[in-house]
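Take a look at the structure set out below.
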Amino acid sequence: VATCYYSHRLIPPSAAAEISCRRVRFFGWVRIERSVSRRTQQVGELLREEVDDIIRREVKDPRIGFFSVTRVDVPPDLRRARVFVSVLGTDEEREGTLAALRSAAGFIRHHLKPRLRMRQIPDLDFRDDRSMEHAEQIGQVLREIKLATPAVAPPDSRPTDPEEPE
């Protein structure tokens, strides 16, 4: 049994093999992920740049702190857009910024219309992106492991002959 990544419908394994998608095993289930087309990548990148610019220049909400729009995922139908935002600060600042962005989604969408040459502007869904924090935690653990292990001298590169004097 497989589930489609976009429609979440159950797909029999025989049909899943025939679909031109990439299959990924996930805890015993098979999740179908469609490969992202060049068009959706372009729209996602353009949305990321424009949404970031609109938030910085047009949105005047004091709850918005120091943020970065990391990526925008757009499905093939281009009706929705998941906007991943990384916020620097405490958990309260993060929640406040995301709440402000979610409440300003309609305003941002309204300002996207003249900037984009698209028939329909996607609905914006702002999500928290903690990938930078996760990368920092991994780096910290690796630094701790490096400090905890004793430095081992590299072995001598030349072979030693017991009869050769040193």
Side-chain angles (χ1 to χ4, degrees), residues 1-11 16 21-109 111-112 115-116 121-155:
V1 177
T3 56
C4 179
Y5 181 70
Y6 294 103
S7 66
H8 303 290
R9 290 181 298 188
L10 293 177
I11 301 171
C21 296
R22 181 180 58 189
R23 288 188 295 161
V24 178
R25 293 215 172 266
F26 183 69
F27 296 109
W29 291 79
V30 177
R31 185 174 73 177
I32 305 295
E33 291 183 355
R34 297 186 191 274
S35 58
V36 180
S37 69
R38 187 175 64 88
R39 169 78 174 149
T40 57
Q41 283 180 343
Q42 287 176 341
V43 169
E45 184 62 27
L46 180 63
L47 278 172
R48 186 187 67 78
E49 292 172 1
E50 294 297 331
V51 166
D52 189 33
D53 187 55
I54 290 171
I55 294 170
R56 292 195 191 283
R57 293 179 188 222
E58 305 290 333
V59 178
K60 305 294 184 203
D61 194 327
R63 296 178 292 173
I64 296 178
F66 187 74
F67 72 96
S68 175
V69 178
T70 54
R71 75 175 198 266
V72 176
D73 289 343
V74 182
D77 63 357
L78 303 176
R79 293 190 181 266
R80 295 171 311 280
R82 290 183 189 150
V83 181
F84 290 90
V85 179
S86 177
V87 181
L88 184 67
T90 63
D91 286 339
E92 293 102 21
E93 291 172 344
R94 178 187 322 275
E95 292 169 7
T97 299
L98 287 172
L101 292 175
R102 287 177 182 140
S103 68
F107 176 83
I108 296 168
R109 191 169 177 238
H111 281 272
L112 279 173
R115 295 180 181 213
L116 302 179
I121 303 300
D123 292 326
L124 302 176
D125 178 26
F126 289 95
R127 302 217 174 167
D128 188 14
D129 186 9
R130 296 185 180 229
S131 61
M132 300 301 283
E133 290 178 13
H134 186 67
E136 179 60 34
Q137 289 174 351
I138 290 173
Q140 181 65 28
V141 168
L142 291 175
R143 285 191 293 275
E144 289 173 4
I145 290 172
K146 186 176 181 179
L147 291 175
T149 57
V152 178

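By the 4.5 Å heavy-atom criterion applied to side chains, Phe126 and Thr97 are not counted as neighbours. Residues Ile55 and Ile64 form a side-chain contact, since some pair of their non-hydrogen atoms from C-beta on lies under 4.5 Å apart.
Remark: Arg130 CZ is packed, more than 12 non-hydrogen atoms of other residues, nucleotides or ligands lying under 6.0 Å away. For CZ of Arg143, the number of neighbouring non-hydrogen atoms (other residues, nucleotides, ligands) closer than 6.0 Å is greater than 12. Residue Arg39 places its CZ atom among 12 or fewer non-hydrogen atoms of other residues, nucleotides or ligands, all under 6.0 Å distant.
Residue Leu47 comes nearest to Ala81 through the heavy atom pair CD1-CB, 4.0 Å, listed as atom of the first residue, atom of the second, then distance. For the pair Asp61 and Ala100, the tightest heavy-atom approach, listed with the atom from each and the gap, is OD2-CB, 3.4 Å.
One distance of note links CZ of Arg115 with CG of Leu112; it measures 7.5 Å at 0.5 Å rounding. The distance from the CD atom of Glu133 to the CG atom of Asp128 is 7.5 Å, given to the nearest 0.5 Å. Summarising the geometry, atom CD belonging to Gln41 is positioned 10.5 Å from atom CG belonging to Asp73; distances are rounded to the nearest 0.5 Å. Rounding to the nearest 0.5 Å places CZ of Phe107 at 12.0 Å from CG of Leu101. The distance from the CD atom of Gln140 to the CG atom of Leu142 is 9.5 Å, given to the nearest 0.5 Å. Atom CD of Glu58 sits about 10.5 Å away from atom CD1 of Ile108, to the nearest 0.5 Å.
Residues passing the side chain to side chain donor-acceptor pair (under 3.5 Å) test with Ser103, sequence neighbours excluded: Arg63. Residues passing the salt bridge (charged side-chain N to carboxylate O under 4.0 Å, His left out) test with Arg109 are Asp123, sequence neighbours excluded. Asp129 meets the salt bridge (charged side-chain N to carboxylate O under 4.0 Å, His left out) test with no other residue; sequence neighbours excluded. A search for salt bridge (charged side-chain N to carboxylate O under 4.0 Å, His left out) contacts involving Glu45 returns Arg48, not counting sequence neighbours. Considering only residues two or more places apart in sequence or on other chains, Arg127 meets the salt bridge (charged side-chain N to carboxylate O under 4.0 Å, His left out) condition with Asp125.
Taking a cutoff of 4.0 Å between a charged side-chain nitrogen and a carboxylate oxygen, Arg102 and Glu95 do not qualify as a salt bridge.
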Solution key, residues 83-93 side-chain donor-acceptor pairs under 3.5 Å, sequence neighbours excluded:
residue, atom, partner, partner atom, Å
Thr90, OG1, Glu93, N, 3.4
Glu93, OE1, Thr90, N, 3.1

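Looking at Arg80, its side chain never comes within 3.5 Å of a backbone N or O of Pro75 through a donor-acceptor pair.
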